[in-house]
Number of protein chains: 2
Amino acid sequence: MRLLVVEDNALLSQLLAKGLATAGYETDLLATAAEARAALMTTSYAAVILDLGLPDGDGLSILRELRHRKDPTPVLVLTARGGLQDRVNGLRSGADDYLVKPFALEELVARLEAQLRRPGQQLGSSLHIANLEFDLRNRQASIDDQPQVLSSRETAVLELLMRSKGRVVSKKQVEDHIFGLSGDVASNAVEVYVHRLRKQLSDKGAKVRIHTIRGVGYLIAEEKRDPV
Amino acid sequence: MRLLVVEDNALLSQLLAKGLATAGYETDLLATAAEARAALMTTSYAAVILDLGLPDGDGLSILRELRHRKDPTPVLVLTARGGLQDRVNGLRSGADDYLVKPFALEELVARLEAQLRRPGQQLGSSLHIANLEFDLRNRQASIDDQPQVLSSRETAVLELLMRSKGRVVSKKQVEDHIFGLSGDVASNAVEVYVHRLRKQLSDKGAKVRIHTIRGVGYLIAEEKRDPV
DNA sequence: TCGCGAGATTACGCCAGCCTTACAGCGGAA
DNA sequence: TTCCGCTGTAAGGCTGGCGTAATCTCGCGA
């Protein structure tokens with residue numbers, strides 16, 4: 001985890017770097033608003049610790065710029081300005097937390113970790129194939145970032161296939177996944193759902209194909225279209 | 001947005017409820033750890049404001065239980081214990097923020113909103129889908145920049161759907177959001193409000209659809225009209 | 001080339017879940 | 001006081017997803 005610390009007091013920033021290193025974080029130290037701006041344009045950090053009293057500019061405006069371009073990086077504001085209005089302004093500008101100097105390093109770390117813990121940072125809970133995305137958390141499929149309306153059975157089939165991306169899924173597995181233990185399936189229900197799902201996906205323009213492997217099962221993969 | 005306030009001081013909790021109402025939040029007030037536990041098992045809130053000094057138990061253990069079952073609801077801890085170690089413990093137990101009494105209501109609201117400002121919905125205090133806009137600050141819906149008159153329940157439903165754009169919202173969530181604990185909803189009220197909201201939106205020309213996913217919930221999305 | 005069988009496609013009836021409408025109670029405004 | 005809009009309830013109608021089954025298609029081996 002790499003953090004950015006923007007603080008012009010050299011002594012304090014050294015102290016921070018040391019304390020954060022002990023807690024298991026690497027840090028980049030910067031002392032001016034200009035440097036911070038540049039760094040935030042090009043590098044992504046797990047979080048930013050931002051002092052407001054910088055020699056060459058207002059720290060708050062950095063924060064506002066960051067938020068203006070929809071950058072969700074957690075920002076913990078650090079400042080000597082302890083007034084209520086300062087704190088409220090800081091938070092309203094998009095800060096995730098606000099700490100008034102002097103503070104205990106331990107509290108800083110605790111607050112930092114409270115921010116890093118927040119969900120939404122943690123990606124990886126969604127699967128992609130071409131322009132098709134499946135959000136495992138909400139069991140929600142999207143094509144080209146457009147959320148799709150699928151029935152619950154269709155969603156179940158798609159979920160299994162996506163989770164097994166790159167592997168073949170047997171019909172029995174699909175059956176178990178859909179019907180669970182109550183599986184009295186006296187029909188070709190699985191085939192029907194695969195069919196319905198295929199139709200949905202192609203209607204909605206997903207560049208994805210569900211291949212049939214005879215006698216084995218199904219396999220989902222990116223659609224390869226031969227050039228004409 | 002419905003919040004849960006767990007605070008045994010009746011005077012303070014009344015004050016909080018009033019202040020939060022002014023800021024546009026509905027609140028459920030509870031005074032004991034037992035009640036809070038029960039409520040958090042069955043109802044989902046946008047955030048929880050939790051006092052630690054409860055008569056019948058330790059507030060921190062409620063917090064830990066919540067996190068133990070992976071509930072990501074933002075929790076803002078409120079307490080008279082101002083010691084560093086208390087604050088660090090609170091945050092380490094999974095609190096998202098920590099405020100020491102006495103505090104200014106304004107700071108509470110600012111910190112609360114910093115927490116509510118979560119994935120997707122960055123600072124931009126308004127949400128858009130097609131020509132429909134929802135201003136989170138004043139809870140005001142507009143279509144083609146024309147402010148719309150919606151009843152408070154309709155607004156509540158729309159707010160939840162808009163905040164959850166791209167995700168399916170279950171009927172239970174809508175119910176919690178509208179009624180909170182006060183709700184002995186022995187009817188299909190949610191369906192009725194969704195219906196009324198749909199009517200409003202389509203009458204006013206919003207290019208937005210509220211999809212029904214049977215057995216799951218509702219999903220708001222831009223209206224796609226199939227080309228012939 | 002033919003025949004077989006796995007899988008694809010289509011059609012259909014059922015029914016839980018949802019939609020729609022109507023209505024009565026409530027509370028604020030005039 | 002009356003009026004009127006919002007609210008929650010209830011009843012009944014409707015429909016889309018479900019599972020089944022009949023039929024069609026096509027890959028593959030003989």
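Since we're looking at a predicted model, the values are computed, not measured. The figures here come from the full heavy-atom set of this structure, side chains too, leaving out hydrogens, waters and symmetry mates. In what follows, chains are A, B, ... by sequence order, proteins preceding strands, each numbered from 1.
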Can you tell me if [X] has over 12 outside heavy atoms packed within less than 6.0 Å of its [atom1]?
X       : atom1 : value
D145(A) : CG    : no
R209(A) : CZ    : no
N138(B) : CG    : yes
K172(A) : NZ    : no

When you check the phosphate oxygens OP1 and OP2 of [N], does a side-chain N or O of [X] lie under 4.0 Å from one of them?
X       : N       : result
H195(B) : dC19(C) : no
Y218(A) : dA8(C)  : yes
S152(B) : dC6(D)  : no
R198(A) : dA8(C)  : yes
K199(A) : dT9(C)  : no
S151(A) : dC18(D) : yes

Please report, rounded to the nearest Å, how far the [atom2] atom of [N] is from the [atom1] atom of [X].
X       : N       : atom1 : atom2 : answer
R153(B) : dT9(D)  : CZ    : P     : 11 Å
L197(A) : dG7(C)  : CG    : P     : 17 Å
K172(B) : dG17(C) : NZ    : C1'   : 18 Å
E191(B) : dC19(C) : CD    : C1'   : 7 Å
H211(B) : dG17(D) : NE2   : P     : 12 Å
Y193(A) : dG7(C)  : OH    : P     : 18 Å
I213(B) : dA16(C) : CD1   : C1'   : 17 Å
L201(A) : dA8(C)  : CG    : P     : 14 Å

5'-most contact on DNA chain D (nearest-nucleotide basis), E154(B) vs E154(A), goes to E154(B)
Can you tell me which nucleotide in [options] comes closest to the side chain of [X]?
X       : options                  : answer
S187(B) : dC18(C), dT20(D), dT9(D) : dT9(D)
T212(B) : dC18(C), dC18(D), dG8(D) : dC18(C)
R214(B) : dG5(C), dC18(C), dT10(C) : dC18(C)

Side-chain-base donor-acceptor pair under 3.5 Å for R196(A) and dG19(D): yes
Please walk me through it: do K171(A) and E191(A) pass salt bridge (charged side-chain N to carboxylate O under 4.0 Å, His left out)? CA-CA 8 Å; K171(A) 207 183 286 190; E191(A) 284 148 27; 2.3 Å; yes
Give V194(A) one of three labels, base, sugar-phosphate or nothing, depending on what nucleic acid heavy atoms sit under 4.0 Å from its own. nothing
